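See structure below.
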Amino acid sequence: MSAPSPQPVPLWNIANILTMVRCAMVPLFIVVAALYPESVGGRLVATAIFVAAMITDFLDGHLARTRNLITDFGKLMDPIADKAMTGAAFVMLSVWEYIPWWMTILILVREFGITIMRFTILKHGALPANWAGKAKTMVQTIAITFCLIPFEIWWAPAFWIGWSLVLLAVVLTVWSGLVNIKDGMRLRREALSAGAA
């Protein structure tokens, strides 16, 4: 007697819904950050939106793993949603002249480059998140949150603390990008080897 085949994971599960909610929060964050750049209240609202979005990042990953809701759609869209939110935050911080544009551009080039790579190797399989990417996301989240909160209004040296945190995030972003390229090349190589076997 054969074992029953596992039930397919539905596309619109709670983990994927949270991922799409995070995508929808990106334009809301941009509007608030653009309209109220010099308002303490506006900055705090923008911070709250950003933090809420990043909490959904933790929740969707946790739910996907613990409830067996992992899908190729989630593997692809989860990092894209993260990049959209953090990328928007870095752009707004540069618009505010809090951090230099070269930092934001370097981060965006890495993020979009890895996203394009994920699409190009999708036929060989979805590239899952790795520990380097998780470390990068954590440091980016801390740095962005610190910079969004108007600490520098209350304590001037806080500006340089935020700038230093972003610099650390830049270093980790580039490093994790190299790790992702290595993982992507290995995934493609293994898929081609399996196909040739």
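Note that the structure is predicted; figures quoted are calculated from it, not measured.
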- Query: Knowing that exactly one of Val166, Leu165, Thr47 qualifies, which makes a side-chain contact (heavy atoms from CB on, under 4.5 Å) with Cys147?
  - Reply: Val166

Once you round to the nearest 0.5 Å, how far does [atom1] of [X] lie from [atom2] of [Y]?
X      : Y      : atom1 : atom2 : answer
Phe159 : Ile99  : CZ    : CD1   : 9.5 Å
Met85  : Ile80  : CE    : CD1   : 14.5 Å
Lys83  : Phe112 : NZ    : CZ    : 10.0 Å
Leu148 : Tyr98  : CG    : OH    : 9.0 Å
Thr86  : Phe29  : OG1   : CZ    : 10.0 Å
Asn180 : Ile114 : CG    : CD1   : 4.5 Å

Please tell me whether [X] and [Y] are part of a single hydrophobic cluster in this structure, the criterion being side-chain heavy atoms less than 4.5 Å apart.
X      : Y      : result
Val109 : Leu93  : yes
Trp131 : Val171 : no
Ile116 : Ile107 : no
Trp155 : Ile149 : yes
Leu178 : Val139 : no

For the residue pair [X] and [Y], what are the closest heavy atoms and their distance?
X      : Y      : value
Ala143 : Ala169 : CB-CB, 4.5 Å
Phe151 : Ala158 : CB-CB, 3.5 Å
Gln140 : Phe90  : CD-CE1, 3.9 Å
Leu28  : Ile49  : CG-CD1, 3.8 Å
Ala88  : Val26  : CB-CG1, 4.0 Å
Thr145 : Thr141 : OG1-O, 2.7 Å

- Query: Given Ile144 and Met54, is the side-chain contact (heavy atoms from CB on, under 4.5 Å) satisfied, shown in steps?
  - Reply: CA-CA 11 Å; Ile144 291 170; Met54 301 317 290; over 6 Å; no

- Query: Cut-off 3.5 Å, side chains only: do Thr173 and Arg110 have a donor facing an acceptor?
  - Reply: no

Any non-hydrogen side-chain atom of [X] less than 4.5 Å from a side-chain atom of [Y]?
X      : Y      : value
Phe146 : Ile161 : yes
Ile14  : Leu59  : no
Trp101 : Leu106 : no

- Task: Take atom CH2 of Trp160 as the centre, draw a 6.0 Å sphere, and report whether it contains more than 12 heavy atoms from other residues, nucleotides or ligands.
- Result: no

Is the backbone of [Y] close enough, under 3.5 Å, to the side chain of [X] for a donor and an acceptor to pair up by distance?
X     : Y     : answer
Thr56 : Ala53 : yes
Trp96 : Ala33 : yes
Arg22 : Ala52 : no

